[in-house]
Amino acid sequence: MGSSVRELAGATPVTRDRYVDLLRVASLAAVVLGHWLMAAVTPDGVGNLLAVVPALQPLTWLLQVMPVFFFVGGFSHALSYRSLLRKRPEATAGASPVSVYSAFLRARLQRLLRPTMVFVLVWGVAALLVQLLGGGGGLTGVTLRMVTQPLWFIGIYLAMVAFTPPLLKLHERYGWGAFAVLAGAAAAVDVLRFAAGVPYVEFLNFAFVWLAVHQLGFLRADGHLRLRRPALLAAGGLVTACALVAFGPYPLSMVGMPGEKVSNMAPPTLALLAHGLWLVGAVELLRAPAARLLERPRLWRTVVAANGVAMTAFLWHLTAMFGVYGAMLTLDVPLPEPASAAWWAQVPLRIALAAALTAGLVAAFRTFERPAPALPAQGHGPLAALGATLCLLGVLGLSMVGFNGLLDGRTALLIAIPVSAPAAVAMTLGGWLLVERAGRGAGVR
């Protein structure tokens with residue numbers, strides 16, 4: 001892999017925005033590290049370090065960096081879709097807009113869905129075997145329930161890809177106005193939720209909040225985040241987030257906390273959108289010095305290599321973490337009380353072991369993250385949209401219900417609809433197959 005990374009890094013066009021690649025890797029790495037740090041595992045179960053030590057909750061204003069990843073996604077999706085449109089006259093002569101849309105979907109989702117499907121199928125088989133053998137208690141049961149939780153991110157990202165073409169058109173016509181409409185809709189949802197008590201309306205902010213952050217990526221792609229705008233965005237977002245937390249119904253933590261009636265994350269709130277604004281502004285302020293550092297060949301090769309396996313590492317990092325804790329319990333290694341001095345002293349060892357096991361899992365499964373060659377065929381837009389929708393619902397459902405109770409009919413509410421693990425797996429697999437079939441061949445990278 002080293003030689004191929006060297007070749008890819010050496011062939012990087014001078015026009016490529018290397019900082020965006022760094023942000024993609026760094027945001028996922030921050031999420032992984034945050035999960036490893038926040039897990040407060042004892043022989044009796046799994047808690048959250050931020051609940052044990054509430055004074056640490058302000059750290060989520062730095063470690064909750066998913067908005068940065070979705071911002072980067074908007075930038076990349078805009079460039080990818082426009083590139084396909086430019087190539088269409090000569091590369092896909094006679095192709096309709098819907099076939100271009102299906103080609104875009106397949107191209108953007110391929111490296112996302114292939115490693116995701118492998119993860120789902122491997123864990124599905126493992127969960128089935130565990131429960132057929134009468135297991136599923138203790139840490140094993142917790143693992144089966146929690147290991148799928150990061151899939152919520154995949155579901156939201158699928159929606160962003162699916163909505164890119166129409167929202168990009170709105171951006172090209174209205175610019176900041178399109179972002180303002182989405183942000184205003186997110187604010188209106190929270191007013192209806194908290195002031196009027198309208199049931200289920202809060203789930204709309206899974207779309208409005210994250211799509212608003214995604215829209216910032218379009219603005220970045222067109223050069224609208226220059227001069228003083230990043231500083232204004234960072235300052236305005238930070239002041240707004242602080243005011244909303246101080247005077248509104250929003251909790252301090254920017255990640256979900258056990259037992260709290262309101263979470264800023266699930267579903268997202270206006271406070272999380274303001275948090276996203278300040279993070280986007282902050283990382284944009286660092287763009288120039290970071291870009292100079294990325295001109296160094298060794299550092300750029302590291303970023304290229306990490307980008308090639310980032311999604312695989314993200315999918316399997318909780319598997320590695322629970323594997324480490326399981327091995328410790330099996331070997332009778334004591335698990336200190338969370339947040340105690342002994343617990344903190346053990347943190348570097350646990351993280352090192354989790355990183356090593358994640359590296360092993362990446363080595364085993366990274367091949368599924370490599371893009372497959374395109375095959376000549378016309379795309380089918382409605383079929384691609386249906387496939388993306390099924391995948392979205394499937395992975396969101398699986399992130400909520402987990403694999404524990406796979407044979408017991410256990411369900412979780414996806415918005416207002418009960419969904420079981422077998423149903424979620426079936427939707428994910430069926431949607432992936434539809435996306436693959438609909439967009440075969442018109443592929444772009």
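Interatomic distance, Met160 CE to Leu392 CG, rounded to the nearest 0.5 Å: 10.5 Å. Distance check, rounded to the nearest 0.5 Å: CZ of Arg298 to OG1 of Thr302 gives 8.0 Å. Taken to the nearest 0.5 Å, the CG atom of Leu318 stands 9.5 Å off from the CG atom of Leu151. Distance check, rounded to the nearest 0.5 Å: CD1 of Ile154 to CG of Leu396 gives 10.0 Å. Rounded to the nearest 0.5 angstrom, Asn48 CG and Glu260 CD are separated by 10.0 Å. To the nearest 0.5 angstrom, Leu158 atom CG is 13.5 Å from Trp432 atom CH2.
Of the possible donor and acceptor atoms, one in the side chain of His275 sits under 3.5 Å from a partner among the backbone N and O of Gln64. Not a single donor-acceptor pair under 3.5 Å links the side chain of Arg220 to the backbone N or O of Val72. In terms of modelled atom types and a separation under 3.5 Å, the side chain of Thr240 and the main chain of Gly237 share no donor-acceptor contact. In terms of modelled atom types and a separation under 3.5 Å, the side chain of Glu337 and the main chain of Ala342 share no donor-acceptor contact. At least one donor-acceptor pair under 3.5 Å links the side chain of Thr116 to the backbone N or O of Leu112. Using modelled atom types, one side-chain atom of Thr148 and one backbone atom of Leu398 make a donor-acceptor pair closer than 3.5 Å. At distances below 3.5 Å, at least one donor-acceptor pair connects side-chain atoms of Ser27 with backbone N or O atoms of Leu23. A donor-acceptor pair under 3.5 Å is absent between the side-chain atoms of Thr60 and the main chain of Leu63, judged by distance alone. Between the Asp408 side chain and the Arg410 main chain, no donor and acceptor come within less than 3.5 Å of each other. Using a distance-only test at 3.5 Å, with no hydrogens or angles considered, a donor-acceptor pair links the side chain of Trp61 to the main chain of Leu252.
Every pair passing salt bridge (charged side-chain N to carboxylate O under 4.0 Å, His left out) that includes a residue from residues 76-85 is listed here, sequence neighbours excluded: Arg82-Glu172, Arg82-Asp222.
Looking at heavy atoms from C-beta onward, Pro115 lies out of side-chain contact with Phe365 at the 4.5 angstrom threshold. Between Val255 and Met38, some side-chain heavy-atom pair lies under the 4.5 Å cut-off. Taking 4.5 Å as the limit, some side-chain heavy atom of Asp17 sits within range of a side-chain heavy atom of Phe75. Residues Leu62 and Leu279 fail the side-chain proximity criterion, which asks for heavy atoms closer than 4.5 Å. Side-chain contact between Phe179 and His171: absent, with no pair of heavy atoms (C-beta onward) separated by less than 4.5 Å. Within the 4.5 Å cutoff, the side chain of Leu353 has no heavy atoms near those of the Leu357 side chain. A heavy-atom distance below 4.5 Å is found between the side chains of Val68 and Val283. With a 4.5 Å cut-off on side-chain heavy atoms, Met66 and Trp210 count as touching.
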Practice item. Check the pair Thr269, Asn264 against side chain to side chain donor-acceptor pair (under 3.5 Å), reporting the backbone distance first and the verdict last. Key: CA-CA 5 Å; Thr269 63; Asn264 281 320; 2.8 Å; yes
Practice item. Start with the C-alpha gap between Gln131 and Leu144, add the side-chain angles, then the distance that decides, and say whether side-chain contact (heavy atoms from CB on, under 4.5 Å) holds. Key: CA-CA 10 Å; Gln131 292 171 59; Leu144 291 175; 4.3 Å; yes
Check your understanding: What's the verdict on side-chain contact (heavy atoms from CB on, under 4.5 Å) for Tyr157 and Phe69, showing C-alpha distance, side-chain angles and the deciding distance?
Key -> CA-CA 10 Å; Tyr157 202 76; Phe69 190 91; 3.4 Å; yes
**Study point:** side-chain contact (heavy atoms from CB on, under 4.5 Å) evaluation trace for Val262 with Arg193
**Key:** CA-CA 11 Å; Val262 177; Arg193 175 187 181 183; 4.1 Å; yes
Point to revise | Derivation of the side-chain contact (heavy atoms from CB on, under 4.5 Å) call for Met400 and Gln149 | key: CA-CA 6 Å; Met400 302 175 77; Gln149 286 186 358; over 6 Å; no
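The minimum heavy-atom distance linking Ala127 with Phe403 is given by the pair CB-CB, 3.6 Å. Summarising the geometry of Ala339 relative to Leu49, their closest heavy-atom pair is CB-CD1, 3.9 Å, with the distance given to 0.1 Å. In this structure, Leu434 and Gly387 approach most closely via the heavy-atom pair CB-CA, 3.7 Å. Taking each heavy atom of Cys391 and Thr428 in turn, the nearest pair found is SG-O, 3.5 Å. Closest approach of Pro67 to Val213, counting heavy atoms only: O-CG1, 3.2 Å. Of all the heavy atoms in Gln215 and Ala178, the pair that sits closest is NE2-CB, 3.6 Å.
Using a 3.5 Å distance cut-off with no hydrogens or angles, the side chains of Thr312 and Glu369 do pair a donor with an acceptor. Counted by atom type alone, Arg350 and Tyr325 present one or more donor-acceptor pairs between their side chains at under 3.5 Å. Side chains of Thr319 and Trp123: a donor-acceptor N/O pair is present below 3.5 angstrom, by distance only.
For Leu286, the CG atom is densely surrounded, since the number of other residues' heavy atoms within 6.0 Å is greater than 12. The local environment of CZ in Phe194 is crowded, with over 12 non-hydrogen atoms from other residues, nucleotides or ligands closer than 6.0 Å.
Under the 4.0 Å criterion applied to side-chain N and carboxylate O atoms, Asp21 and Arg18 are not assigned as salt-bridge partners.
Ring-centre distance between Phe70 and Phe153: below the 6.0 Å cut-off.
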